[in-house]
2 protein chains.
Amino acid sequence: MADPMYRQIADDLRDKIESGEIAQGDQLPTEIELMSQYRASRNTVREAIKLLTARRLVEPRAGKGTYVVDEITPFVSTLTGDPRSGGTDVYLEAVTAKGRVPDNKEPRVEVQQATTAVARALRIKEGSFVVSRHQQCYIDGTPWSLQTSFYPKRLVDEGAVKLGEPGDIEEGAVKYIAQKLGINQVGYRDTIAVRAPDEIEATFFRLPDDGRIPVFEIFRLAFDETGGRFRLTVTVYPADRNRFRVIVGEVPITTLADTDEE
Amino acid sequence: MADPMYRQIADDLRDKIESGEIAQGDQLPTEIELMSQYRASRNTVREAIKLLTARRLVEPRAGKGTYVVDEITPFVSTLTGDPRSGGTDVYLEAVTAKGRVPDNKEPRVEVQQATTAVARALRIKEGSFVVSRHQQCYIDGTPWSLQTSFYPKRLVDEGAVKLGEPGDIEEGAVKYIAQKLGINQVGYRDTIAVRAPDEIEATFFRLPDDGRIPVFEIFRLAFDETGGRFRLTVTVYPADRNRFRVIVGEVPITTLADTDEE
DNA sequence: CCGTATTTGTTCGTATGTATT
DNA sequence: CAATACATACGAACAAATACG
């Protein structure tokens with residue numbers, strides 16, 4: 001059995017895009033034009049375009065036309081860094097190195113009851129209190145990541161009061177905790193997942209809210225010398241403009257313009 | 001301005017799913033039933049279901065009904081390992097540790113001309129020859145990853161003949177190269193990206209071919225003592241059933257049933 | 001700023017095909 | 001084979017966004 005017509009149309013258009021016959025940024029023929037080109041109804045043509053849209057090959061703009069999407073040069077962040085420093089530092093390094101301008105909003109700080117997941121990660125009882133520090137990060141003015149760090153409230157009670165207060169912690173949260181409480185970060189563990197964005201994320205990153213562009217969700221769990229878990233940071237990045245890098249062993253320093261790989 | 005009707009219907013159904021009113025694995029009301037429930041036409045109801053399908057909340061099955069998808073317990077692989085051993089070894093460790101049964105097909109070996117991307121990664125001239133070793137990996141009988149390693153053909157010419165021949169390399173390719181050529185791996189660098197699967201990948205992983213389930217693409221570039229690049233491994237995993245882990249510094253060994261995080 | 005033409009977005013009705021039970 | 005449910009396809013109308021004179 002032959003493929004349905006809308007699929008054949010989509011395949012044909014995909015070929016034309018991938019062969020360069022229709023270049024990046026170009027406008028596709030209008031729906032009316034495609035109707036006569038393929039002798040199909042408008043709805044059928046639109047089904048084909050929906051397939052291409054889902055694959056992120058084209059992007060329809062109401063009132064203007066449907067355009068072939070430009071390839072995005074992704075931003076690369078390195079996950080392996082100094083086991084003793086916090087996540088945000090790593091992010092700043094990586095960003096400034098490329099000559100881009102990072103901009104972090106003031107964190108929103110709340111005391112919450114730990115959800116099942118947060119409690120399990122931090123090895124505390126579900127429903128016990130945690131401090132949540134939520135932050136929006138921009139690069140060159142465009143929204144780049146949403147980050148939420150969870151600390152057991154115990155840390156605040158024991159002297160790290162700044163954790164529970166709004167405002168940046170100049171010296172960095174990890175160093176601050178080390179100074180106040182003598183809790184030293186000796187390592188961390190990241191877990192990388194991909195999922196559809198929720199409504200808030202879609203709005204912030206200006207992603208389509210149909211979930212066709214996924215987000216990276218990176219859980220960073222920090223450990224102290226005793227193996228205790230004193231921080232969980234969850235960071236969300238749009239998957240279309242981000243890549244992550246892991247370096248193990250002796251690897252030469254990456255030079256600029258090192259846009260490797262396929 | 002109100003949302004369009006199909007979006008309202010989708011939101012309402014999403015609420016019912018996320019609140020548990022319609023449980024995982026349950027069948028949604030049929031399109032006919034939804035038509036009367038929401039006083040909408042069949043096409044409008046179907047638009048709503050398409051949105052939920054794109055978000056991977058439901059899955060329509062022709063002739064049966066539309067079902068709420070079951071949550072998948074993801075498989076977690078660790079990217080940080082011994083800087084001196086090859087990628088496949090890491091994969092095997094991680095898999096067998098969980099009591100699952102890995103199964104690697106015999107590699108398909110070809111000599112190809114390096115594409116722009118492969119050439120740039122391996123620091124060789126575009127169009128020069130590389131050996132490509134492509135392998136399909138299964139876990140418990142289900143397709144799990146597609147892996148392709150690229151080696152400069154030079155390595156074969158200089159004595160590592162097994163690289164260019166079909167069949168597994170018992171001792172592992174990294175150790176084999178070290179023995180034959182004295183090229184020792186001292187580190188590697190992974191780059192993690194996410195994209196829509198191509199047709200071959202969609203077929204192998206049994207993913208829908210509309211690209212709504214993305215794949216992880218992990219580039220592992222291996223370095224020797226002189227900083228030379230002697231291998232590029234590209235591995236593709238379906239993003240709906242995989243997570244990756246990065247460990248930095250001193251982190252306690254993860255116990256079983258350690259399904260952390262949100 | 002207004003009006004008009006163009007283009008995509010939403011919604012309906014209808015008919016027929018295909019998969020499952 | 002028949003009933004049910006989703007898949008494909010067509011035609012039509014109006015709405016909303018955009019561009020342009």
Side-chain angles (χ1 to χ4, degrees), chain A residues 1-14 17 22 25-69 202-203 206-213, chain B residues 1-14 17 22 25-69 202 206-212:
Chain A
M1 291 305 258
D3 274 352
M5 198 190 306
Y6 75 90
R7 201 170 282 276
Q8 293 180 37
I9 296 173
D11 287 343
D12 190 62
L13 288 172
R14 185 167 52 78
I17 291 168
I22 310 178
D26 273 14
Q27 186 183 351
L28 239 58
T30 67
E31 291 173 355
I32 308 291
E33 287 167 336
L34 292 173
M35 280 175 71
S36 60
Q37 277 184 36
Y38 292 105
R39 287 153 201 275
S41 75
R42 184 160 167 239
N43 281 331
T44 301
V45 166
R46 283 178 60 77
E47 283 296 317
I49 291 175
K50 272 190 191 168
L51 262 190
L52 300 176
T53 307
R55 294 197 169 193
R56 274 159 273 140
L57 289 172
V58 303
E59 188 173 43
R61 295 174 209 160
K64 294 184 71 173
T66 301
Y67 293 81
V68 179
V69 299
T203 307
R206 295 180 205 124
L207 299 176
D209 61 354
D210 58 3
R212 72 174 179 265
I213 298 184
Chain B
M1 294 292 268
D3 273 353
M5 198 192 308
Y6 74 90
R7 200 170 283 275
Q8 293 180 36
I9 297 173
D11 287 343
D12 190 63
L13 289 172
R14 185 168 52 76
I17 291 168
I22 310 178
D26 273 14
Q27 187 184 349
L28 238 58
T30 67
E31 292 174 355
I32 308 290
E33 286 166 336
L34 291 174
M35 279 174 74
S36 59
Q37 278 184 36
Y38 293 104
R39 289 155 200 273
S41 75
R42 178 143 176 255
N43 281 332
T44 301
V45 166
R46 283 178 60 76
E47 284 295 318
I49 291 175
K50 271 190 192 170
L51 261 191
L52 299 176
T53 307
R55 294 197 169 201
R56 276 158 271 141
L57 289 172
V58 303
E59 188 173 45
R61 293 172 209 161
K64 296 183 72 173
T66 301
Y67 293 82
V68 180
V69 299
R206 293 180 207 125
L207 300 176
D209 60 354
D210 57 5
R212 70 176 180 266

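Naming convention: chains lettered A, B, ... in sequence-line order (proteins, then strands); numbering from 1 in each chain.
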Partners meeting side-chain hydrogen bond (donor to acceptor under 3.5 Å, both in side chains) with [X] (sequence neighbours left out):
| X | value |
| --- | --- |
| Asp26(A) | none |
| Thr203(A) | none |
| Tyr6(B) | none |
| Thr66(A) | none |

Q) If every non-hydrogen atom of Ala2(B) is compared with every non-hydrogen atom of Gln8(B), which pair is closest and at what distance? A)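 Scanning both residues completely, I find the closest heavy atoms to be CB-NE2, 4.0 Å.
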
(Q) Minimum heavy-atom separation for Pro208(A) and Ala202(A), please, with both atom names. (A)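 The pair with the smallest heavy-atom distance is O-CB, 4.4 Å.
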
If you only use heavy atoms from C-beta on, which nucleotide in [options] is closest to the side chain of [X]?
| X | options | result |
| --- | --- | --- |
| Ala62(B) | dA19(C), dA9(D), dA12(D) | dA19(C) |
| Pro60(B) | dT14(C), dT11(C), dC6(D) | dC6(D) |
| Pro4(B) | dT10(C), dC6(D), dC10(D) | dT10(C) |
| Thr66(B) | dG9(C), dC10(D), dC6(D) | dC6(D) |
| Ser41(A) | dT8(D), dC12(C), dA9(D) | dA9(D) |

Q) Which of residues 28-35 of chain B sit near DNA chain D, with a heavy atom under 4.0 Å from it? A)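 Thr30(B), Glu31(B), in order of number.
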
(Q) Tell me which residues in residues 44-51 of chain B lie within less than 4.0 Å of DNA chain C, going by non-hydrogen atoms. (A)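 When residues 44-51 of chain B is checked for heavy atoms under 4.0 Å from DNA chain C, the hits, listed by number, are Thr44(B).
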
Q | Non-neighbouring partners of Arg7(B) that pass side chain to side chain contact (heavy atoms under 4.5 Å, CB included), sequence neighbours left out | A |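 Listed in chain order: Asp209(A), Asp3(B), Pro4(B), Asp11(B), Leu51(B).
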
Tabulate below the donor-acceptor pairs under 3.5 Å that side-chain atoms of residues 28-35 of chain A make, not counting sequence neighbours, or state none.
residue  : atom : partner  : partner atom : Å
Thr30(A) : OG1  : Glu33(A) : N            : 3.2
Glu31(A) : OE1  : Arg42(A) : NE           : 2.6
Glu31(A) : OE1  : Arg42(A) : NH2          : 2.9
Glu31(A) : OE2  : Arg46(A) : NH1          : 2.7
Glu33(A) : OE1  : Thr30(A) : N            : 2.8

Would you indicate whether the side-chain heavy atoms of [Y] and [X] approach each other to under 4.5 Å?
| X | Y | value |
| --- | --- | --- |
| Thr44(B) | Ile9(B) | yes |
| Tyr38(B) | Leu13(B) | yes |
| Asp210(A) | Arg55(B) | no |

Q: Under 4.0 Å between any heavy atoms, over every strand shown, what does Arg61(B) touch: base, sugar-phosphate, or nothing? Just pick one.
A: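 Touches sugar-phosphate only.
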
**Q.** Side-chain donor/acceptor contact of Arg42(B) with base of dA7(D) under 3.5 Å
**A.**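 Side chain to base: pair present.
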
Q.
Enumerate the side-chain hydrogen bond (donor to acceptor under 3.5 Å, both in side chains) contacts for residues 56-65 of chain B, please, sequence neighbours excluded, ordered by first and then second residue.
A.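 Checked against side-chain hydrogen bond (donor to acceptor under 3.5 Å, both in side chains) - neighbours excluded - no pair reaches residues 56-65 of chain B.
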
Can you tell me the distance, in whole Å, between the [atom1] atom of [X] and the [atom2] atom of [N]?
| X | N | atom1 | atom2 | answer |
| --- | --- | --- | --- | --- |
| Glu59(A) | dG9(C) | CD | P | 10 Å |
| Arg39(B) | dC12(C) | CZ | C1' | 16 Å |
| Tyr6(A) | dT8(D) | OH | C1' | 8 Å |
| Asp210(B) | dT8(D) | CG | P | 11 Å |
| Gln8(A) | dA7(D) | CD | P | 19 Å |
| Arg7(B) | dA15(D) | CZ | P | 20 Å |
| Asp3(B) | dA16(D) | CG | C1' | 14 Å |
| Asn43(B) | dG11(D) | CG | P | 14 Å |

Quick test: give all pairs of protein nitrogen or oxygen and nucleotides 19-21 of chain D nitrogen or oxygen below 3.5 Å, distance rounded to 0.1 Å.
residue : atom : partner  : partner atom : Å
dA19(D) : OP1  : Lys64(A) : NZ           : 3.3

